[in-house]
A.B. asks: 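The structure is given below, and queries will be raised subsequently.
All ligand and atom numbering here is 1-based and tracks the order in the structure. Model, not experiment: these values are computed from the prediction.
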Amino acid sequence: MNNAVEAHGLEVTRGSREVLRGLDFTVPVGEVTGLLGPSGCGKSTLMRVLVGVQAKVTGTVQVFGQPAGSRALRSRIGYVTQAASVYDDLSITENLAFFARVLGVDRGEIDRCLEAVDLGGHADQVVRNLSGGQRSRVNLAVALLGKPDLLVLDEPTVGLDPVLRESLWVMFHRLADDGAAVLVSSHVMDEAERCDRLLLMRDGVFIADGTPAAIKQKAGVDDIEQAFLSIVRGAR
Ligand SMILES: Nc1ncnc2c1ncn2[C@@H]1O[C@H](COP(=O)(O)OP(=O)(O)OP(=O)(O)O)[C@@H](O)[C@H]1O
């Protein structure tokens, strides 16, 4: 299998705390990989490592065969953080035009990205006047500029209504079907079933890595939340 990410012995210390504690994992191309675990378990930290903005990293993390954070990877990765990263006083289109210019992406890409997140009808609206869910979709549209090979999406569906969440998951799968590697984090276990593969995390370690079906089968239960609880109890 072709992997976008290969990590061995990944450890990260933040403050005096060891936040990631010796992780080995891959993120394959052509699949939606879910990074699931409770708040504070280290999901955002792991994502920060992949995009090269996390300090105090040890271990090996290769992205498309190069060390995470390498300059050559910048245009190949789309990253959406939990914080808004677009300009409030610009319209949606103006924001995308700005980032397209920064990234050296053709302006023609803008409409495609807006349609992908279902914002085509709001293109001229100023970001300040958008709802929280609309803003997060603008962030996502920016991440799609330039058709990145790896999408790193930190809780992209938080606060969105079920219909929109559904349409975003369909989009994530479409992007994966087109050959991207998609890594999506969530602390909501009911998103697990939407992933091709799951990395279940707790306190900086993975407690399971596999398809939702395989994880449930191994735990002998029929939902992922129960599987998570059962694995945690079994580890005690
Ligand atoms: N700047 C920092 N300095 C010290 N510790 C930090 C810092 N940022 C985060 N942490 C700690 O690192 C741990 C992992 O945080 P992280 O944000 O990666 O978790 P998360 O799983 O993404 O949580 P959430 O789902 O709430 O976003 C937490 O215990 C957090 O308190």
A.B. asks: Would you mind telling me if ligand 1 is within reach of the side chain of R48, the backbone, both or neither, using heavy atoms under 4.0 Å?
C.D. replies: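 For R48, there is no contact with ligand 1 at all, from either part.
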
A.B. asks: So between S39, S16, G42, whose heavy atom ends up nearest atom 19 (O) of ligand 1?
C.D. replies: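 Nearest heavy atom to atom 19 (O) of ligand 1 lies in G42.
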
A.B. asks: Q54 versus L20: any side-chain heavy-atom pair under 4.5 Å?
C.D. replies: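 No - every pair of side-chain heavy atoms lies 4.5 Å or more apart.
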
A.B. asks: In terms of residue, atom name and distance, what is the protein heavy atom nearest to atom 30 (C) of ligand 1?
C.D. replies: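 Ranking protein heavy atoms by distance from atom 30 (C) of ligand 1, first comes R17 NH1, 4.3 Å.
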
A.B. asks: Given that the side chain starts at C-beta and the backbone is N, CA, C, O, which of these parts of T45 lies under 4.0 Å from ligand 1, counting heavy atoms, or is it both or neither?
C.D. replies: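 The answer is both, backbone and side chain.
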
A.B. asks: Quick one: does any side-chain atom of T93 pair with a main-chain N or O of A123 as donor and acceptor, under 3.5 Å?
C.D. replies: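 Yes, T93 side chain to A123 backbone: donor-acceptor pair under 3.5 Å.
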
A.B. asks: Quick one: sort the F98 and Y87 rings into parallel, tilted or perpendicular, breaks at 30° and 60°.
C.D. replies: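 Ring orientation of F98 relative to Y87: perpendicular.
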
A.B. asks: Considering only protein heavy atoms, which is closest to atom 27 (O) of ligand 1, and at what distance to one decimal place?
C.D. replies: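 The protein heavy atom lying closest is Q82 NE2, 3.1 Å.
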
A.B. asks: Can you tell me if S70 uses its side chain to pair, donor with acceptor, with the backbone of L73 under 3.5 Å?
C.D. replies: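 The answer is no, because no donor-acceptor pair under 3.5 Å joins these two groups.
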
A.B. asks: Tell me the protein heavy atom at minimum distance from atom 17 (O) of ligand 1, and give that distance in Å.
C.D. replies: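 I find the closest protein heavy atom is S44 CB, 3.6 Å.
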
A.B. asks: Do the side chain of K43 and the main chain of G37 share a donor and acceptor less than 3.5 angstrom apart?
C.D. replies: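 Yes.
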
A.B. asks: Ring-plane angle category for W169 and H173, please: parallel below 30°, perpendicular beyond 60°, tilted otherwise.
C.D. replies: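 Geometry flag for H173 against W169: tilted rings.
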
A.B. asks: Quick check on contacts: which atoms of ligand 1 are under 4.0 angstrom from a heavy atom of V19?
C.D. replies: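 What qualifies from ligand 1 is 12 (O), 13 (C), 14 (C).
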
A.B. asks: Suppose we measure from atom 23 (O) of ligand 1 to each protein heavy atom; which comes out shortest, and what is that distance?
C.D. replies: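 The protein heavy atom lying closest is G40 N, 2.7 Å.
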
A.B. asks: For ligand 1, indicate whether the residue P38 contacts it via side chain, backbone, both or neither (heavy-atom separation under 4.0 Å).
C.D. replies: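 Contact part for P38 vs ligand 1: backbone (N, CA, C, O).
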
A.B. asks: Do V158 and L36 share a hydrophobic cluster (ILVMFWY, side-chain heavy atoms under 4.5 Å, transitive)?
C.D. replies: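 Unlinked, V158 and L36 end up in two clusters.
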
A.B. asks: Nearest heavy atom to atom 1 (N) of ligand 1 wins, so pick from R202, E155, R14, K43.
C.D. replies: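 Looking at heavy atoms only, the winner is R14.
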
